[in-house]
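Hydrogens, waters and symmetry mates play no part in the numbers below; they use all other heavy atoms, side chains included. Throughout, numbering of the chain's residues begins at 1 and tracks the sequence. One-based numbering, in listed order, for ligands and for the atoms of each.
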Amino acid sequence: MQTQDYQALDRQHHLHPFTDFKSLGEEGSRIITHADGVYIYDSQGNRILDGMAGLWCVNLGYGRQELVDAATEQMQQLPYYNNFFKTTHPPAVKLAAKLSELAPEHVNHVFFTGSGSEANDTVLRMVRRYWAIKGKPEKQWIISRENGYHGSTVAGMSLGGMAPMHDQGGPCVPGITHIGQPYWFGEGRDMSQEAFGKQCAQALEEKILALGEDKVAAFIAEPVQGAGGAIIPPDSYWPAVKEVLAKYDILLIADEVICGFGRLGEWFGSNHYGLKPDLMPIAKGLSSGYLPIGAVLVGDRVADTLIEDGGEFFHGFTYSGHPVCAAVALKNLELLESEQVVEKVRDELGPYLAKRWQELAEHPLVGEARSLGLIGALELVADKNTGERFDKSLSAGNLCRDLCFESGLVMRSVGDTMVMSPPLIITRDEIDELVSKARLALDKTAEKLAITHPMESA
Ligand SMILES: *Cc1c(COP(=O)(O)O)cnc(C)c1O
(Lines give C-alpha, C1' and ligand atoms only; values in the text may rest on other atoms or scores of the structure.)
Protein backbone atom coordinates (compact mmCIF):
# COMPACT_ATOMS: atom_id res chain seq x y z
CA MET A 1 0.00 0.00 0.00
CA GLN A 2 1.16 3.53 -0.79
CA THR A 3 0.80 6.67 1.31
CA GLN A 4 -2.30 7.76 -0.62
CA ASP A 5 -3.94 4.36 -0.04
CA TYR A 6 -3.45 4.62 3.70
CA GLN A 7 -4.69 8.19 3.69
CA ALA A 8 -7.80 7.25 1.74
CA LEU A 9 -8.71 4.40 4.10
CA ASP A 10 -7.88 6.57 7.09
CA ARG A 11 -10.20 9.29 5.80
CA GLN A 12 -12.99 6.80 5.15
CA HIS A 13 -12.90 4.81 8.38
CA HIS A 14 -10.72 6.21 11.13
CA LEU A 15 -11.81 8.81 13.68
CA HIS A 16 -8.63 10.09 15.34
CA PRO A 17 -8.44 11.23 18.99
CA PHE A 18 -8.42 15.02 19.61
CA THR A 19 -8.88 15.73 15.92
CA ASP A 20 -11.02 17.91 13.67
CA PHE A 21 -12.13 14.97 11.54
CA LYS A 22 -13.09 17.00 8.53
CA SER A 23 -9.96 19.09 8.18
CA LEU A 24 -7.70 16.08 8.75
CA GLY A 25 -9.63 14.26 6.02
CA GLU A 26 -8.92 17.11 3.64
CA GLU A 27 -5.22 17.31 4.50
CA GLY A 28 -4.47 13.61 4.86
CA SER A 29 -2.62 11.97 7.74
CA ARG A 30 1.09 11.48 8.06
CA ILE A 31 1.70 7.74 8.17
CA ILE A 32 4.40 6.70 10.65
CA THR A 33 5.81 3.35 9.66
CA HIS A 34 8.74 2.62 11.96
CA ALA A 35 11.03 4.13 14.55
CA ASP A 36 14.42 3.75 16.16
CA GLY A 37 16.04 5.52 19.10
CA VAL A 38 14.72 9.09 19.07
CA TYR A 39 13.70 9.01 15.40
CA ILE A 40 10.40 8.18 13.72
CA TYR A 41 10.07 7.51 9.99
CA ASP A 42 7.06 8.19 7.79
CA SER A 43 5.77 6.45 4.69
CA GLN A 44 7.40 9.04 2.45
CA GLY A 45 10.83 8.28 3.80
CA ASN A 46 11.22 11.27 6.11
CA ARG A 47 13.28 10.82 9.25
CA ILE A 48 11.95 12.94 12.07
CA LEU A 49 13.40 13.60 15.52
CA ASP A 50 10.61 12.80 17.96
CA GLY A 51 10.81 15.73 20.36
CA MET A 52 7.63 14.52 22.09
CA ALA A 53 8.60 10.90 22.88
CA GLY A 54 5.40 9.82 21.18
CA LEU A 55 2.89 11.41 23.54
CA TRP A 56 5.26 12.08 26.46
CA CYS A 57 5.74 8.37 26.94
CA VAL A 58 8.55 6.68 24.98
CA ASN A 59 11.08 7.39 27.72
CA LEU A 60 13.51 4.64 26.70
CA GLY A 61 13.23 5.49 23.01
CA TYR A 62 12.15 3.24 20.18
CA GLY A 63 13.43 -0.17 19.16
CA ARG A 64 14.40 -1.66 22.52
CA GLN A 65 14.69 -5.38 21.88
CA GLU A 66 14.65 -6.15 25.63
CA LEU A 67 11.08 -4.86 25.85
CA VAL A 68 10.07 -6.87 22.79
CA ASP A 69 11.60 -9.99 24.34
CA ALA A 70 9.85 -9.39 27.66
CA ALA A 71 6.51 -9.17 25.83
CA THR A 72 7.21 -12.24 23.70
CA GLU A 73 8.23 -14.39 26.63
CA GLN A 74 5.25 -13.33 28.69
CA MET A 75 2.85 -13.93 25.80
CA GLN A 76 4.18 -17.44 25.46
CA GLN A 77 4.05 -18.09 29.19
CA LEU A 78 0.68 -16.53 30.06
CA PRO A 79 -0.83 -14.01 27.63
CA TYR A 80 -3.71 -13.13 29.89
CA TYR A 81 -5.12 -13.76 33.26
CA ASN A 82 -6.96 -11.43 35.59
CA ASN A 83 -6.34 -10.27 39.13
CA PHE A 84 -9.96 -10.52 40.25
CA PHE A 85 -11.34 -13.12 42.65
CA LYS A 86 -8.23 -13.95 44.65
CA THR A 87 -5.92 -14.72 41.71
CA THR A 88 -2.85 -12.99 40.35
CA HIS A 89 0.30 -13.80 38.35
CA PRO A 90 4.04 -13.17 38.68
CA PRO A 91 4.35 -10.05 36.46
CA ALA A 92 1.68 -8.11 38.39
CA VAL A 93 3.14 -9.08 41.75
CA LYS A 94 6.70 -8.22 40.75
CA LEU A 95 5.70 -4.92 39.19
CA ALA A 96 3.68 -3.88 42.26
CA ALA A 97 6.70 -4.66 44.45
CA LYS A 98 9.11 -2.82 42.15
CA LEU A 99 6.92 0.27 42.00
CA SER A 100 6.63 0.28 45.78
CA GLU A 101 10.40 0.18 46.01
CA LEU A 102 10.83 3.12 43.61
CA ALA A 103 7.99 5.23 45.02
CA PRO A 104 8.40 7.57 48.00
CA GLU A 105 8.79 5.74 51.29
CA HIS A 106 5.20 6.15 52.48
CA VAL A 107 3.86 4.59 49.27
CA ASN A 108 3.70 0.81 49.35
CA HIS A 109 0.66 -0.31 47.36
CA VAL A 110 -0.36 -0.31 43.71
CA PHE A 111 -3.73 -0.58 41.96
CA PHE A 112 -3.37 -1.34 38.23
CA THR A 113 -5.36 0.23 35.40
CA GLY A 114 -5.12 0.30 31.62
CA SER A 115 -4.24 3.98 31.18
CA GLY A 116 -3.75 7.33 32.85
CA SER A 117 -7.39 8.24 32.42
CA GLU A 118 -8.49 5.02 34.07
CA ALA A 119 -6.01 5.68 36.86
CA ASN A 120 -7.75 8.97 37.54
CA ASP A 121 -11.15 7.25 37.54
CA THR A 122 -9.70 4.93 40.16
CA VAL A 123 -8.37 7.93 42.09
CA LEU A 124 -11.82 9.51 42.22
CA ARG A 125 -13.35 6.26 43.45
CA MET A 126 -10.63 5.73 46.05
CA VAL A 127 -10.72 9.24 47.45
CA ARG A 128 -14.45 9.16 48.02
CA ARG A 129 -14.32 5.63 49.34
CA TYR A 130 -11.55 6.62 51.75
CA TRP A 131 -13.55 9.43 53.32
CA ALA A 132 -16.70 7.28 53.46
CA ILE A 133 -14.82 4.60 55.40
CA LYS A 134 -13.44 7.32 57.65
CA GLY A 135 -17.03 8.27 58.51
CA LYS A 136 -16.81 11.56 56.64
CA PRO A 137 -18.83 10.91 53.48
CA GLU A 138 -19.55 14.62 53.20
CA LYS A 139 -15.89 15.19 52.29
CA GLN A 140 -16.63 15.01 48.55
CA TRP A 141 -15.14 18.02 46.82
CA ILE A 142 -12.01 17.58 44.79
CA ILE A 143 -10.13 20.76 43.96
CA SER A 144 -8.29 20.75 40.66
CA ARG A 145 -6.80 23.42 38.41
CA GLU A 146 -7.84 25.17 35.25
CA ASN A 147 -5.90 23.86 32.26
CA GLY A 148 -4.76 20.78 34.19
CA TYR A 149 -4.94 17.50 32.28
CA HIS A 150 -6.09 14.29 33.93
CA GLY A 151 -7.32 12.26 30.99
CA SER A 152 -10.23 11.90 28.66
CA THR A 153 -12.72 9.55 30.31
CA VAL A 154 -15.67 11.27 31.96
CA ALA A 155 -13.92 11.33 35.34
CA GLY A 156 -10.57 12.29 33.80
CA MET A 157 -12.14 15.08 31.79
CA SER A 158 -14.06 16.34 34.84
CA LEU A 159 -10.96 16.31 37.03
CA GLY A 160 -9.03 18.06 34.28
CA GLY A 161 -9.47 21.75 33.73
CA MET A 162 -9.69 21.89 29.95
CA ALA A 163 -12.63 24.16 29.14
CA PRO A 164 -13.20 22.86 25.58
CA MET A 165 -13.49 19.31 26.94
CA HIS A 166 -15.98 20.41 29.61
CA ASP A 167 -18.01 22.21 26.95
CA GLN A 168 -18.33 19.09 24.81
CA GLY A 169 -18.42 16.41 27.48
CA GLY A 170 -20.44 17.95 30.27
CA PRO A 171 -22.25 17.93 32.53
CA CYS A 172 -19.11 16.93 34.40
CA VAL A 173 -18.91 14.63 37.41
CA PRO A 174 -20.29 16.67 40.31
CA GLY A 175 -18.14 17.69 43.25
CA ILE A 176 -15.10 18.84 41.29
CA THR A 177 -14.03 22.48 41.21
CA HIS A 178 -11.09 24.30 39.66
CA ILE A 179 -8.75 27.06 40.76
CA GLY A 180 -6.20 29.04 38.74
CA GLN A 181 -3.02 27.46 37.42
CA PRO A 182 0.53 28.58 38.33
CA TYR A 183 1.20 29.73 34.77
CA TRP A 184 3.39 32.74 35.29
CA PHE A 185 4.12 33.65 31.67
CA GLY A 186 0.47 33.34 30.66
CA GLU A 187 -1.26 34.82 33.67
CA GLY A 188 1.12 36.33 36.20
CA ARG A 189 3.66 38.51 34.49
CA ASP A 190 2.44 41.65 36.18
CA MET A 191 4.06 40.35 39.38
CA SER A 192 7.21 38.47 40.35
CA GLN A 193 7.31 34.69 39.91
CA GLU A 194 7.67 34.36 43.65
CA ALA A 195 4.60 36.46 44.44
CA PHE A 196 2.54 34.81 41.72
CA GLY A 197 3.34 31.30 42.96
CA LYS A 198 2.25 32.25 46.45
CA GLN A 199 -0.91 33.88 45.17
CA CYS A 200 -1.87 30.67 43.35
CA ALA A 201 -1.35 28.67 46.53
CA GLN A 202 -3.44 31.19 48.42
CA ALA A 203 -6.25 30.60 45.92
CA LEU A 204 -6.22 26.98 47.07
CA GLU A 205 -6.66 28.01 50.67
CA GLU A 206 -9.45 30.41 49.77
CA LYS A 207 -11.24 27.66 47.86
CA ILE A 208 -10.91 25.26 50.78
CA LEU A 209 -12.37 27.84 53.13
CA ALA A 210 -15.18 28.72 50.73
CA LEU A 211 -16.22 25.08 50.36
CA GLY A 212 -15.59 24.24 54.01
CA GLU A 213 -12.64 22.14 55.13
CA ASP A 214 -14.97 19.32 56.16
CA LYS A 215 -16.37 19.15 52.62
CA VAL A 216 -13.05 18.93 50.75
CA ALA A 217 -11.66 15.48 49.97
CA ALA A 218 -8.56 16.14 47.93
CA PHE A 219 -6.44 18.43 45.78
CA ILE A 220 -5.22 17.04 42.45
CA ALA A 221 -2.38 18.50 40.37
CA GLU A 222 0.42 17.57 38.00
CA PRO A 223 3.81 18.50 39.53
CA VAL A 224 4.57 20.15 36.17
CA GLN A 225 1.57 20.57 33.84
CA GLY A 226 2.22 18.68 30.63
CA ALA A 227 -0.64 18.86 28.13
CA GLY A 228 -1.52 22.35 29.39
CA GLY A 229 1.76 23.63 27.92
CA ALA A 230 4.74 22.30 29.90
CA ILE A 231 3.97 24.73 32.70
CA ILE A 232 6.70 24.74 35.34
CA PRO A 233 5.34 26.41 38.47
CA PRO A 234 7.29 29.19 40.18
CA ASP A 235 9.64 27.89 42.91
CA SER A 236 7.41 29.40 45.56
CA TYR A 237 4.32 27.45 44.46
CA TRP A 238 4.70 23.90 45.78
CA PRO A 239 6.15 24.83 49.19
CA ALA A 240 3.20 27.16 49.74
CA VAL A 241 0.70 24.56 48.53
CA LYS A 242 2.26 22.00 50.86
CA GLU A 243 1.78 24.39 53.73
CA VAL A 244 -1.89 24.89 52.90
CA LEU A 245 -2.52 21.16 52.58
CA ALA A 246 -0.78 20.46 55.88
CA LYS A 247 -3.04 22.96 57.60
CA TYR A 248 -6.25 21.21 56.53
CA ASP A 249 -7.06 17.53 56.45
CA ILE A 250 -7.06 17.10 52.69
CA LEU A 251 -5.51 14.40 50.51
CA LEU A 252 -2.93 15.26 47.86
CA ILE A 253 -3.13 13.55 44.48
CA ALA A 254 -0.01 14.10 42.39
CA ASP A 255 -0.80 13.15 38.79
CA GLU A 256 2.55 11.67 37.76
CA VAL A 257 1.45 10.39 34.36
CA ILE A 258 4.01 12.61 32.59
CA CYS A 259 6.37 13.59 35.41
CA GLY A 260 6.88 10.00 36.57
CA PHE A 261 9.79 7.81 35.45
CA GLY A 262 12.50 10.36 34.94
CA ARG A 263 10.97 13.23 33.02
CA LEU A 264 12.06 15.80 35.65
CA GLY A 265 15.30 14.02 36.52
CA GLU A 266 13.84 12.10 39.47
CA TRP A 267 11.77 8.93 39.53
CA PHE A 268 8.71 11.05 40.24
CA GLY A 269 7.91 14.73 39.98
CA SER A 270 6.95 14.51 43.64
CA ASN A 271 10.58 13.74 44.50
CA HIS A 272 11.74 16.85 42.68
CA TYR A 273 9.31 19.06 44.59
CA GLY A 274 9.49 17.21 47.90
CA LEU A 275 5.79 16.29 47.84
CA LYS A 276 4.25 13.55 49.92
CA PRO A 277 1.18 12.62 47.89
CA ASP A 278 -1.46 10.19 49.13
CA LEU A 279 -2.23 9.00 45.61
CA MET A 280 -0.12 9.04 42.46
CA PRO A 281 -1.73 8.13 39.15
CA ILE A 282 0.90 6.89 36.68
CA ALA A 283 0.94 5.60 33.07
CA LYS A 284 2.83 6.74 29.93
CA GLY A 285 6.53 6.29 30.88
CA LEU A 286 5.65 3.28 33.04
CA SER A 287 6.03 1.06 29.97
CA SER A 288 7.78 3.66 27.78
CA GLY A 289 4.55 3.45 25.81
CA TYR A 290 5.36 -0.01 24.43
CA LEU A 291 2.11 -1.38 25.83
CA PRO A 292 -0.83 0.36 27.50
CA ILE A 293 -0.69 0.25 31.28
CA GLY A 294 -1.47 2.62 34.13
CA ALA A 295 -1.73 2.42 37.89
CA VAL A 296 -2.41 4.33 41.06
CA LEU A 297 0.36 4.32 43.63
CA VAL A 298 -1.42 4.39 46.96
CA GLY A 299 0.12 5.91 50.08
CA ASP A 300 -0.09 4.12 53.42
CA ARG A 301 -2.75 6.40 54.83
CA VAL A 302 -5.29 5.51 52.14
CA ALA A 303 -4.12 1.93 51.55
CA ASP A 304 -4.25 0.97 55.22
CA THR A 305 -7.78 2.32 55.53
CA LEU A 306 -8.99 0.55 52.38
CA ILE A 307 -7.35 -2.68 53.50
CA GLU A 308 -8.28 -2.65 57.19
CA ASP A 309 -11.74 -1.14 57.19
CA GLY A 310 -12.98 -1.06 53.61
CA GLY A 311 -14.38 -4.49 52.85
CA GLU A 312 -14.69 -5.22 49.14
CA PHE A 313 -13.76 -2.36 46.80
CA PHE A 314 -16.21 -2.69 43.91
CA HIS A 315 -13.88 -1.45 41.21
CA GLY A 316 -11.38 -2.80 38.68
CA PHE A 317 -10.72 -3.42 35.03
CA THR A 318 -10.46 -6.58 32.93
CA TYR A 319 -6.95 -5.50 32.07
CA SER A 320 -5.87 -4.30 35.54
CA GLY A 321 -2.31 -5.59 35.80
CA HIS A 322 -2.37 -7.30 32.39
CA PRO A 323 0.52 -9.78 32.50
CA VAL A 324 2.15 -8.81 29.20
CA CYS A 325 1.90 -5.08 29.93
CA ALA A 326 3.20 -5.67 33.45
CA ALA A 327 6.14 -7.73 32.19
CA VAL A 328 7.11 -4.99 29.74
CA ALA A 329 6.72 -2.29 32.40
CA LEU A 330 8.90 -4.25 34.79
CA LYS A 331 11.63 -4.65 32.16
CA ASN A 332 11.30 -0.95 31.33
CA LEU A 333 11.90 -0.04 34.99
CA GLU A 334 14.87 -2.41 35.20
CA LEU A 335 16.43 -0.77 32.14
CA LEU A 336 15.80 2.76 33.42
CA GLU A 337 17.55 1.69 36.60
CA SER A 338 20.48 -0.30 35.21
CA GLU A 339 21.27 2.34 32.58
CA GLN A 340 20.91 5.11 35.17
CA VAL A 341 18.65 6.99 32.83
CA VAL A 342 16.99 9.05 35.55
CA GLU A 343 20.30 10.16 37.07
CA LYS A 344 21.62 11.11 33.63
CA VAL A 345 18.59 13.29 33.00
CA ARG A 346 19.11 15.01 36.35
CA ASP A 347 22.89 15.49 36.24
CA GLU A 348 23.75 15.73 32.58
CA LEU A 349 21.03 15.86 29.94
CA GLY A 350 18.58 18.15 31.75
CA PRO A 351 21.19 20.84 32.48
CA TYR A 352 22.61 20.54 28.96
CA LEU A 353 19.19 20.87 27.34
CA ALA A 354 18.39 23.82 29.61
CA LYS A 355 21.53 25.60 28.45
CA ARG A 356 20.92 24.98 24.75
CA TRP A 357 17.16 25.63 25.01
CA GLN A 358 17.78 28.98 26.70
CA GLU A 359 19.62 30.13 23.57
CA LEU A 360 16.26 30.08 21.79
CA ALA A 361 15.01 32.77 24.19
CA GLU A 362 17.01 35.20 22.05
CA HIS A 363 14.86 34.48 19.01
CA PRO A 364 12.55 37.38 18.03
CA LEU A 365 9.50 35.08 18.16
CA VAL A 366 10.19 33.70 21.64
CA GLY A 367 8.84 35.42 24.77
CA GLU A 368 10.09 32.74 27.14
CA ALA A 369 12.09 29.52 26.88
CA ARG A 370 11.77 27.22 29.89
CA SER A 371 12.68 23.65 30.73
CA LEU A 372 13.09 21.29 33.66
CA GLY A 373 14.68 17.89 33.20
CA LEU A 374 13.61 16.86 29.72
CA ILE A 375 10.37 18.80 29.41
CA GLY A 376 10.18 22.33 28.10
CA ALA A 377 8.34 25.03 26.24
CA LEU A 378 8.73 28.09 24.05
CA GLU A 379 6.19 30.90 24.25
CA LEU A 380 5.58 32.43 20.83
CA VAL A 381 4.92 36.16 20.92
CA ALA A 382 4.24 38.93 18.42
CA ASP A 383 6.14 41.48 20.46
CA LYS A 384 9.14 40.35 22.41
CA ASN A 385 9.20 43.41 24.64
CA THR A 386 5.60 43.42 25.77
CA GLY A 387 4.94 39.68 25.40
CA GLU A 388 1.92 40.47 23.26
CA ARG A 389 0.53 37.36 21.56
CA PHE A 390 -0.27 36.87 17.92
CA ASP A 391 -3.85 37.21 16.86
CA LYS A 392 -5.52 33.85 17.44
CA SER A 393 -6.69 33.68 13.84
CA LEU A 394 -3.06 33.35 12.74
CA SER A 395 -2.67 30.03 14.63
CA ALA A 396 1.03 30.78 15.11
CA GLY A 397 1.50 27.66 17.25
CA ASN A 398 -0.04 25.31 14.70
CA LEU A 399 1.96 26.96 11.94
CA CYS A 400 5.17 26.48 13.92
CA ARG A 401 4.27 22.85 14.67
CA ASP A 402 3.76 22.13 10.97
CA LEU A 403 7.05 23.84 10.14
CA CYS A 404 8.78 21.76 12.83
CA PHE A 405 7.55 18.64 11.04
CA GLU A 406 8.79 20.07 7.77
CA SER A 407 12.18 20.66 9.45
CA GLY A 408 12.35 17.08 10.69
CA LEU A 409 11.26 17.62 14.29
CA VAL A 410 8.13 16.77 16.26
CA MET A 411 7.12 19.48 18.70
CA ARG A 412 3.56 20.01 19.78
CA SER A 413 1.70 23.30 20.03
CA VAL A 414 -0.65 24.19 22.86
CA GLY A 415 -2.15 27.42 21.63
CA ASP A 416 0.96 29.50 20.91
CA THR A 417 3.11 27.53 23.33
CA MET A 418 5.50 25.05 21.69
CA VAL A 419 6.23 22.07 23.91
CA MET A 420 8.87 19.36 23.83
CA SER A 421 9.46 16.22 25.83
CA PRO A 422 12.00 14.01 24.04
CA PRO A 423 12.92 10.42 24.90
CA LEU A 424 15.13 10.31 27.98
CA ILE A 425 17.85 8.39 26.10
CA ILE A 426 18.48 11.37 23.82
CA THR A 427 22.21 12.16 23.41
CA ARG A 428 23.90 15.56 23.54
CA ASP A 429 24.35 15.50 19.77
CA GLU A 430 20.66 14.80 19.35
CA ILE A 431 19.83 17.65 21.73
CA ASP A 432 21.95 19.91 19.52
CA GLU A 433 19.97 18.68 16.54
CA LEU A 434 16.67 19.25 18.33
CA VAL A 435 17.61 22.81 19.18
CA SER A 436 18.86 23.69 15.71
CA LYS A 437 15.76 22.22 14.08
CA ALA A 438 13.57 24.15 16.51
CA ARG A 439 15.46 27.31 15.57
CA LEU A 440 15.00 26.59 11.89
CA ALA A 441 11.25 26.10 12.42
CA LEU A 442 11.10 29.37 14.38
CA ASP A 443 12.85 31.19 11.53
CA LYS A 444 10.42 29.76 9.00
CA THR A 445 7.48 30.63 11.25
CA ALA A 446 8.71 34.21 11.65
CA GLU A 447 9.14 34.47 7.91
CA LYS A 448 5.59 33.28 7.19
CA LEU A 449 4.07 35.44 9.92
CA ALA A 450 5.97 38.50 8.70
CA ILE A 451 3.97 38.26 5.49
CA THR A 452 0.60 38.14 7.24
CA HIS A 453 1.52 40.10 10.36
CA PRO A 454 4.57 42.37 9.95
CA MET A 455 6.43 42.74 13.23
CA GLU A 456 7.62 46.10 14.48
CA SER A 457 11.25 45.14 14.20
CA ALA A 458 10.76 44.01 10.58
C1 LIG B 1 -1.86 11.66 29.39
C2 LIG B 1 -2.27 12.03 30.75
C3 LIG B 1 -3.35 11.39 31.38
C4 LIG B 1 -4.22 10.40 30.67
O5 LIG B 1 -3.56 9.25 30.31
P6 LIG B 1 -4.14 8.31 29.15
O7 LIG B 1 -3.22 7.13 29.18
O8 LIG B 1 -4.10 9.09 27.88
O9 LIG B 1 -5.53 7.95 29.52
C10 LIG B 1 -3.63 11.72 32.69
N11 LIG B 1 -2.89 12.63 33.36
C12 LIG B 1 -1.86 13.26 32.78
C13 LIG B 1 -1.05 14.21 33.59
C14 LIG B 1 -1.53 12.99 31.46
O15 LIG B 1 -0.52 13.64 30.88
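Seen from the ring of Y290, R64 does not count as a face-on cation partner, given the 6.0 Å and 45° thresholds.
Contacts of E206 classified as salt bridge (charged side-chain N to carboxylate O under 4.0 Å, His left out), with partners at least two apart in sequence or in another chain: none.
Within the structure, the side-chain hydrogen bond (donor to acceptor under 3.5 Å, both in side chains) test picks out the following pairs touching residues 268-278 (sequence neighbours left out): E256-S270. Identified under the side-chain hydrogen bond (donor to acceptor under 3.5 Å, both in side chains) test for residues 151-160, with sequence neighbours left out: D121-T153.
Looking at V127, I142, V123 one by one, the single match for side-chain contact (heavy atoms from CB on, under 4.5 Å) with L251 turns out to be V127.
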Which pairs of N or O atoms, one from ligand 1 and one from the protein, are separated by less than 3.5 Å, and what is the distance for each pair?
{"unit_1": "ligand 1", "atom_1": "5 (O)", "unit_2": "G116", "atom_2": "N", "d": "3.4"}
{"unit_1": "ligand 1", "atom_1": "5 (O)", "unit_2": "S117", "atom_2": "N", "d": "3.4"}
{"unit_1": "ligand 1", "atom_1": "7 (O)", "unit_2": "G116", "atom_2": "N", "d": "2.9"}
{"unit_1": "ligand 1", "atom_1": "9 (O)", "unit_2": "G116", "atom_2": "N", "d": "3.4"}
{"unit_1": "ligand 1", "atom_1": "9 (O)", "unit_2": "S117", "atom_2": "N", "d": "2.7"}
{"unit_1": "ligand 1", "atom_1": "9 (O)", "unit_2": "S117", "atom_2": "OG", "d": "2.5"}
{"unit_1": "ligand 1", "atom_1": "11 (N)", "unit_2": "Y149", "atom_2": "O", "d": "3.4"}
{"unit_1": "ligand 1", "atom_1": "11 (N)", "unit_2": "D255", "atom_2": "OD1", "d": "3.3"}
{"unit_1": "ligand 1", "atom_1": "11 (N)", "unit_2": "D255", "atom_2": "OD2", "d": "2.8"}
{"unit_1": "ligand 1", "atom_1": "15 (O)", "unit_2": "K284", "atom_2": "NZ", "d": "2.6"}

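If you look at F268 and F261, their ring centroids are closer than 6.0 Å.
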